[in-house]
Amino acid sequence: MSDTVIVNEVGLRDGLQNQPVTVDTDTKARLARLLVDAGVRYLEPVSFVSPKAIPQMADAAALTPRLPAGEGLHYTALVPNLKGYQLARDAGYRTVALVLSTTDTFNQRNLNMTLEQAAASCESIIAAAREDGVVTRTYISGAFACPYDGPVPVSLPQQLTGRMFAAGSDEVAIADTIGAGNPKQMKDIMTPLIREYGANKFFVHLHDTRGLAAAMAWEAADLGVRRFDASVGGLGGCPFAPGATGNMATEDLVYLLESCGLKTGIDIQGLREVVALAAEATQRPLGGRILEWMASQEKRGKTPCLW
């Protein structure tokens with residue numbers, strides 16, 4: 001297994017889309033710059049969705065050209081349908097994220113489609129992207145539980161994953177959208193999938209609603225997964241998933257992985273600047289557990305020893 005981990009920063013998109021305070025484009029561009037300065041190389045900054053549905057993402061086209069440029073930077077745009085894909089492609093995105101929820105109810109609330117309609121829509125986008133040379137990552141949302149219908153059988157995200165790979169999706173992300181999963185479920189879902197498709201085909205996306213995101217992240221890492229989503233300061237939430245709180249904080253994920261000998265290339269001290277700006281912009285306290293600990297050490301006149 002490689003000891004290098006990709007941390008895909010989703011704070012600008014998943015983190016801000018559900019905030020009651022709309023963050024302006026200038027501030028989003030500053031946040032992106034600070035993230036890159038801290039060593040983040042994979043970011044999901046926008047979604048091309050209806051501004052009526054998610055007004056916080058209305059500036060996707062305006063933000064895109066203001067994102068930091070440079071070799072080794074990878075940007076993903078989330079797209080809910082073929083129109084959104086076309087907008088993302090035309091804006092220059094070479095990787096797009098698709099969403100397929102595990103139940104009819106969740107798909108109806110999120111995409112106004114049934115599960116079958118949403119799966120067929122993903123297949124159409126994947127086909128178009130393959131023709132255009134665009135990479136696709138399909139999120140199996142609510143892989144552990146649906147916010148409306150409750151627990152989801154392990155076989156369902158596995159079946160949907162197989163269908164998306166059969167359609168040509170380059171990657172699949174297993175998403176605990178409402179933070180309802182546990183490490184055993186992670187193992188039960190991922191073990192046969194990794195055996196069949198290989199760990200390098202998967203991302204894991206976690207919310208920390210019930211405090212188990214770190215345990216689930218490590219379970220996935222122990223199984224060989226080396227690609228994770230996270231959100232700086234623990235920002236997050238889904239407008240269509242009641243009860244979903246913030247994503248696993250990027251700084252906590254980085255600390256977890258680095259302290260266990262894996263390499264992310266991300267500087268936690270640099271992330272502190274991002275968290276401070278994000279807290280100011282959203283007008284709410286932010287920050288993962290590791291930042292609280294670092295601050296407590298500094299108050300005692302000590303230099304925090306991270307690893």
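For the single chain, residues carry numbers from 1 onward in sequence order.
Residues Met57 and Pro51 are not in side-chain contact: their nearest non-hydrogen atoms beyond the backbone lie 4.5 Å or more apart. Residues Thr177 and Phe106 are in side-chain contact: their nearest non-hydrogen atoms beyond the backbone lie under 4.5 Å apart. The side-chain heavy atoms of Leu16 and Thr282, taken from C-beta on, include a pair separated by under 4.5 Å. Leu78 has its side chain within reach of Arg13: a pair of non-hydrogen atoms, C-beta onward, lies under 4.5 Å apart. Taking the side chain as every heavy atom from C-beta outward, Lys201 and Val172 never approach each other to under 4.5 Å. Side-chain contact check for Asp26 versus Arg66: some heavy-atom pair is nearer than 4.5 Å. Residues Leu262 and Thr4 fail the side-chain proximity criterion, which asks for heavy atoms closer than 4.5 Å. Residues Pro45 and Lys28 form no side-chain contact, since every pair of their non-hydrogen atoms from C-beta on lies 4.5 Å or further apart.
The shortest heavy-atom contact between Thr27 and Ala281 is CG2-CB, 3.8 Å. Minimum heavy-atom separation, Asn110 to Val99: ND2-CG1, 3.6 Å. Across every non-hydrogen atom of Phe144 and Ala175, the tightest pair is CD1-O, 4.2 Å.
Judged by distance alone, with hydrogens and angles left aside, the side-chain atoms of Ser259 form a donor-acceptor pair with the main-chain N or O of Leu256 at under 3.5 Å. The closest donor-acceptor contact from the side chain of Glu258 to the backbone of Thr264 lies under 3.5 Å. No donor-acceptor pair closer than 3.5 Å links the side chain of Ser141 to the backbone N or O of Ser101. Judged purely by atom type and a 3.5 angstrom limit, Asp176 uses its side chain to pair as donor or acceptor with the backbone of Ala180.
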- Query: Checking side chain to side chain contact (heavy atoms under 4.5 Å, CB included) for the pair Thr102/Leu115: CA distance, chi angles, key distance, verdict?
  - Reply: CA-CA 7 Å; Thr102 51; Leu115 172 55; over 6 Å; no
- Apply the test salt bridge (charged side-chain N to carboxylate O under 4.0 Å, His left out) to residues Arg226 and Asp3: give CA-CA distance (whole Å), side-chain angles for both, the deciding distance (0.1 Å), then the verdict. CA-CA 8 Å; Arg226 293 293 183 267; Asp3 65 355; over 6 Å; no
- Task: I would like to know whether Tyr148 and Arg109 meet side chain to side chain contact (heavy atoms under 4.5 Å, CB included); could you show each step before the answer?
- Result: CA-CA 9 Å; Tyr148 304 98; Arg109 298 295 183 94; 3.1 Å; yes
- Task: Kindly indicate, with the supporting measurements, whether the criterion side chain to side chain contact (heavy atoms under 4.5 Å, CB included) is fulfilled by Ile266 and Val7.
- Result: CA-CA 9 Å; Ile266 298 173; Val7 176; 3.8 Å; yes
- Task: Any chance you could lay out the side chain to side chain contact (heavy atoms under 4.5 Å, CB included) test for Glu44 and Leu12, step after step, and finish with the verdict?
- Result: CA-CA 7 Å; Glu44 185 181 290; Leu12 292 174; over 6 Å; no
- Trace of the salt bridge (charged side-chain N to carboxylate O under 4.0 Å, His left out) decision for Glu298 with Arg272: CA-CA 14 Å; Glu298 290 164 349; Arg272 295 179 85 174; 2.8 Å; yes
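Side-chain atoms of Asp208 and Asn247 include no donor-acceptor pair closer than 3.5 Å. Inspection of the Gln56 and Thr22 side chains reveals no N or O donor paired with an N or O acceptor under 3.5 Å. Inspection of the Gln159 and Arg163 side chains reveals no N or O donor paired with an N or O acceptor under 3.5 Å. For the 3.5 Å distance criterion, the side chains of Thr105 and Asp149 qualify, holding a donor opposite an acceptor. Between the side chains of Asn182 and Gln185, at least one donor N or O lies within less than 3.5 Å of an accepting N or O. For the residue pair Ser231 and Asp14, no side-chain donor N or O sits within less than 3.5 Å of a side-chain acceptor on the partner. Side-chain contact, Asn8 with His74: no donor N or O sits under 3.5 Å from an acceptor N or O. With 3.5 Å as the limit, one finds no donor-acceptor pair spanning the side chains of Thr303 and Gln297.
Arg30 CZ: 12 or fewer foreign heavy atoms inside a 6.0 Å radius. The neighbour count for Arg41 CZ, taken as heavy atoms of other residues, nucleotides or ligands under 6.0 Å away, is above 12. For CD of Glu280, the number of neighbouring non-hydrogen atoms (other residues, nucleotides, ligands) closer than 6.0 Å is 12 at most.
Cluster membership for Ile6 and Ile268, using ILVMFWY side-chain heavy atoms within less than 4.5 angstrom, is not shared. A continuous path of ILVMFWY side-chain contacts below 4.5 Å connects Val204 to Phe202, so both sit in one hydrophobic cluster. Criterion: ILVMFWY side-chain heavy atoms under 4.5 Å apart, direct or through other members. Under it, Val254 and Leu291 are part of a common hydrophobic cluster. A continuous path of Ile, Leu, Val, Met, Phe, Trp and Tyr side chains, each step under 4.5 Å between heavy atoms, connects Phe165 with Val225, placing both in one hydrophobic cluster. Each of Tyr42 and Val79 belongs to its own hydrophobic cluster when Ile, Leu, Val, Met, Phe, Trp and Tyr are linked at side-chain heavy-atom distances under 4.5 angstrom.
Each of Leu67, Val40, Val36 was scored for a side chain to side chain contact (heavy atoms under 4.5 Å, CB included) with Leu73, with one residue passing: Val36.
Between Glu171 and Arg227 there is a salt bridge, since at least one side-chain N of the basic residue sits less than 4.0 Å from a carboxylate O of the acidic one. The existence of a salt bridge linking Glu123 and Arg130 is excluded, since no basic side-chain nitrogen approaches an acidic carboxylate oxygen closer than 4.0 Å. For Arg137 and Asp170, the salt-bridge test fails: no basic side-chain N is under 4.0 Å from an acidic carboxylate O. Salt bridge absent: Lys187 and Glu219 never bring a charged side-chain N and a carboxylate O closer than 4.0 Å. Under 4.0 Å is where a charged nitrogen must lie from a carboxylate oxygen, and between Arg33 and Asp37 at least one such pair does.
The side chain to side chain donor-acceptor pair (under 3.5 Å) contacts involving residues 75-96 comprise Thr64-Tyr93, Tyr85-Asp132, Arg89-Asp132, where partners must be two or more places apart or lie in separate chains.
Taking Pro55 as the reference, nothing meets the side chain to side chain contact (heavy atoms under 4.5 Å, CB included) condition, with sequence neighbours excluded.
Atom CG of residue Leu35 and atom CD of residue Glu273 lie 10.5 Å apart, to the nearest 0.5 angstrom.
For Phe228 and Phe203, the gap between ring centers reaches or exceeds 6.0 Å.
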